[in-house]
Every structure is written in C-alpha cells, then in structure tokens.
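Down below is the structure, laid out as structure tokens.
We number each residue from 1, following the sequence as shown. Reckoned from all heavy atoms, side chains included, excluding hydrogens, waters and symmetry mates. Source: prediction; values computed, not measured.
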Amino acid sequence: MTLFPEMIGQGMNTSILGRAIQSGLIELEIKNIRDYTLDKHRKVDDYPYGGGAGMVMEAEPVYRCYEAICSEAGCVPRVVYLTPQGSVFRQEMVKEYAREEDIIFLCGHYEGIDERVLEEIVTDYVSIGDYVLTGGELPAMVMMDAIARLVPGVLNNEESAGTESFSDGLLEYPQYTRPPEILGRKVPEVLLGGHHEKIRQWRQEQSVQRTRERRPDLYEIWKEEG
Ligand code: 6GU
C-alpha cells in the first residue's frame with residue numbers, strides 16, 4: 001500500500017526478485033492508496049490537528065485500500081507499517097516473515113498516517129535502522145528482498161541462503177576467485193588445497209574473527225548463545 005506505486009514497480013521488477021515474480025514463485029500486488037479516495041480531487045493528506053509542520057495521510061483511503069486487499073485476498077494478512085518508530089528489522093524476523101502466505105506492507109509519507117487507522121489495521125511496526133528516510137517504500141523493498149530470497153526456488157543455488165552472513169549469527173568468511181595472485185596478494189593457501197574439512201575450519205575461524213572485529217555487538221550475542 002503506497003502513494004508511489006511506480007517506485008515499487010521499478011524496484012521490484014528487476015534481477016532476482018523480478019525473475020521470482022515472473023516465474024510465479026512470489027506474487028507482488030502494488031496498491032495505490034490514492035485509488036481509494038472518494039473525493040474528486042483524490043486528496044490523501046491533510047493538515048495535522050494541533051498544528052505543526054507537514055501533512056498527515058488521512059485514515060479513510062488507507063482503510064478502504066486495506067479492506068479491498070483483504071476482500072480480494074480472502075484473508076486477513078499481517079500488516080507491516082514501515083516506520084523509524086518500529087522494531088529494527090533483523091534476520092530472525094526475515095525468517096519469521098518468510099513463513100507467511102500473505103503480508104501487507106503499508107508505506108507512509110509526509111509526517112505519517114492518522115494514528116486511528118494504524119491502531120485499527122497494523123499488526124507490526126518495523127524500522128530498517130536508526131536513520132530517517134522520506135517514506136516507507138525503500139524499507140518495504142528492503143524487507144521484500146530479504147524475505148523473498150528465503151522462499152524456496154528464488155535463489156538459484158539453494159545453498160547460498162544457508163551459508164551466508166547472519167544465518168548462524170556470524171558474518172560471512174572472505175571469498176576469492178581467479179587469478180591465484182593479483183595486486184601482490186595471494187589467495188589463502190588452504191583454499192587451493194581441496195581439503196574440505198580444513199577449508200570449513202578456516203572459513204569458520206575467519207567468520208568468527210571478522211565478526212569480532214567488525215560487529216562486536218553480534219560477536220557478543222554469538223558467544224553468549226554458544
Ligand atoms: Cl521503515 N521508514 C522511514 N521513513 N524511515 C526509516 C525507516 C522506515 N527505517 C529507518 N528509517
């Protein structure tokens with residue numbers, strides 16, 4: 001649900017996600033909230049009660065849009081409202097959302113949406129990090145990308161959804177490809193040897209070291225969880 005449907009359409013119809021949509025593995029329906037206005041000017045926002053800067057999105061078009069989606073879908077999906085006031089999106093949440101059949105992403109703009117419709121329909125408040133964006137569209141696309149890539153068949157190599165950063169709470173180990181030496185730097189010897197157990201061990205060590213250096217916060221959690 002958005003006031004900028006072209007932004008979502010452009011962003012989602014390319015690359016891996018575009019292919020997943022084309023092949024029917026995932027379905028994306030973009031609803032323009034403005035299509036659910038009743039007045040002839042198709043007005044979606046108004047001044048905030050109590051004064052202050054900016055405009056507030058009106059409850060009515062948002063609610064009518066939501067009702068239309070539920071009746072088309074024949075179910076009552078979770079509604080994720082993208083807001084910097086939400087819980088910060090993490091990979092554990094990605095896994096949880098990937099199990100859902102249907103999800104509605106509600107994208108706000110301006111100074112936000114009338115609180116009353118949020119109280120009525122929103123089940124989850126989600127932020128993508130501690131910074132402020134102009135609207136919920138980019139965060140919704142970030143979430144859809146992260147979730148869709150866990151849907152079976154979306155990634156070519158099923159393995160690549162399991163061994164990457166965060167899947168076990170650690171960052172990914174470094175990767176190398178040909179040539180064996182470039183810029184005066186060699187590929188680590190162990191990777192050229194074909195000793196699978198040694199390679200696995202080396203990669204695990206690299207993951208731990210890298211996480212400790214770059215993300216001490218994640219490292220502490222990983223250590224706690226044994
Ligand atoms: Cl979900 N929305 C907006 N507007 N800004 C954000 C955000 C969401 N997450 C981080 N910053």
Assess whether salt bridge (Lys or Arg N to Asp or Glu O under 4.0 Å) is satisfied between R200 and E197, documenting all intermediate values. CA-CA 5 Å; R200 195 196 59 73; E197 180 52 23; 2.8 Å; yes

Are I69 and V76 co-members of a hydrophobic cluster defined by side-chain heavy atoms under 4.5 Å apart? yes

Output side-chain donor-acceptor pairs under 3.5 Å for residues 22-30, partner residues at least two apart or in another chain, one line each.
residue : atom : partner : partner atom : Å
S23     : OG   : R19     : O            : 3.0
S23     : OG   : A20     : O            : 3.3
E29     : OE2  : K31     : NZ           : 3.4

Check step by step if salt bridge (Lys or Arg N to Asp or Glu O under 4.0 Å) holds for D46 and K43. CA-CA 8 Å; D46 208 335; K43 187 168 73 72; 3.4 Å; yes

State the CD-OH distance between E205 and Y173, to the nearest 0.5 angstrom. 14.0 Å

Minimum-distance pair of heavy atoms, taken over all atoms of F89 and A146: CE2-CB, 3.9 Å

Which atom names give the shortest non-hydrogen contact between G11 and M141, and what distance separates them? CA-SD, 3.8 Å

Just verifying a value: how many Å separate I113 CD1 and I33 CD1, rounded to the nearest 0.5 Å? 6.0 Å

Can you confirm whether E72 is buried at CD, in the sense that more than 12 heavy atoms of other residues, nucleotides or ligands lie under 6.0 Å from that atom? yes

Side chain to side chain contact (heavy atoms under 4.5 Å, CB included) for I8 and F105? Distances and angles first, verdict last. CA-CA 11 Å; I8 307 277; F105 296 95; over 6 Å; no

Does the side chain of V187 reach to within under 4.5 Å of the side chain of R178, using non-hydrogen atoms? no

Less than 4.5 Å apart, side chain to side chain, heavy atoms only: is that true for Y97 and V80? yes

SB check E67 R64 (cutoff 4.0 Å): no

Nearest-0.5 Å distance that lies between atom OG1 in T2 and atom CG in L82: 10.0 Å

Quick check on the hydrophobic clustering: are V79 and L3 connected, directly or via other members, by side-chain heavy-atom contacts under 4.5 Å? yes

Does CG in D130 sit with more than 12 non-hydrogen atoms of other residues, nucleotides or ligands closer than 6.0 Å? no

Closest heavy-atom pair and its distance - L17, D145: CD1-CA, 3.7 Å

Heavy-atom closest contact (A140 atom, C107 atom, distance): CB-SG, 3.8 Å

Apply side chain to side chain contact (heavy atoms under 4.5 Å, CB included) to L155 and I16, showing your working. CA-CA 7 Å; L155 297 183; I16 295 176; 4.2 Å; yes

Is it the case that the side chain of N13 and the backbone of G9 share a donor-acceptor pair, with hydrogens and angles ignored and the cut-off at 3.5 Å? yes

If you round to the nearest 0.5 Å, how far is CG of D114 from CE of M57? 10.5 Å

Look only at the side chain of T37 and the backbone of V44, and say whether a donor-acceptor pair between them is shorter than 3.5 Å. no

Verify side chain to side chain contact (heavy atoms under 4.5 Å, CB included) between L38 and E60, making sure each step is shown before the conclusion. CA-CA 9 Å; L38 290 170; E60 188 176 61; 3.8 Å; yes

Taking every heavy atom of L150 against every heavy atom of A98, the minimum-distance pair comes out as CB-CB, 3.9 Å

Is any side-chain N of the basic residue among R210 and E213 closer than 4.0 Å to the acidic one's carboxylate O? no

As an exercise, state the distance from CG of N32 to CG of D35, rounded to the nearest 0.5 Å. 4.5 Å

Taking the side chain as every heavy atom from C-beta outward, state whether E96 and R78 have any atom pair closer than 4.5 Å. yes

Does atom CZ of R42 have more than 12 heavy-atom neighbours, drawn from other residues, nucleotides or ligands, at distances under 6.0 Å? yes

Is it true that Y36 and I121 fall in one hydrophobic cluster, defined by side-chain heavy atoms closer than 4.5 Å? no

In a check of side chain to side chain contact (heavy atoms under 4.5 Å, CB included) between P139 and each of L133, V126, T83, which one passes? L133

For a 4.5 angstrom cut-off between non-hydrogen side-chain atoms, does R203 reach Q175? yes

Distance in Å, T123 OG1 paired with I104 CD1, rounded so as to fall on 0.5 Å steps: 8.5 Å

Could you state whether L192 and I182 fall into the same hydrophobic cluster, counting links through intermediate Ile, Leu, Val, Met, Phe, Trp or Tyr residues with side-chain heavy atoms under 4.5 angstrom apart? no

Between R215 and E220, is there a salt bridge with N-O shorter than 4.0 Å? no

S127 side chain vs V88 backbone, donor-acceptor pair below 3.5 Å: no

If we only count heavy atoms from C-beta on, is the Y176 to L191 side-chain gap below 4.5 Å? yes

Are E100 and P77 close enough that some pair of their side-chain heavy atoms sits under 4.5 Å apart? no

Pairwise side-chain contact, L118 with Y125, heavy-atom cut-off 4.5 Å (strictly under): yes

Determine the minimum heavy-atom distance between Y131 and P84, stating which atoms define it. O-CB, 4.3 Å

Please walk me through it: do C75 and D102 pass side chain to side chain contact (heavy atoms under 4.5 Å, CB included)? CA-CA 9 Å; C75 61; D102 302 275; 3.7 Å; yes

Would one find more than 12 heavy atoms of other residues, nucleotides or ligands at under 6.0 Å from atom CD of Q85? no

Do L138 and I103 share a hydrophobic cluster, counting only Ile, Leu, Val, Met, Phe, Trp and Tyr and linking them when any side-chain heavy atoms are less than 4.5 Å apart? yes

For residues Q204 and D168, determine if any side-chain heavy atom of one lies less than 4.5 Å from a side-chain heavy atom of the other. yes

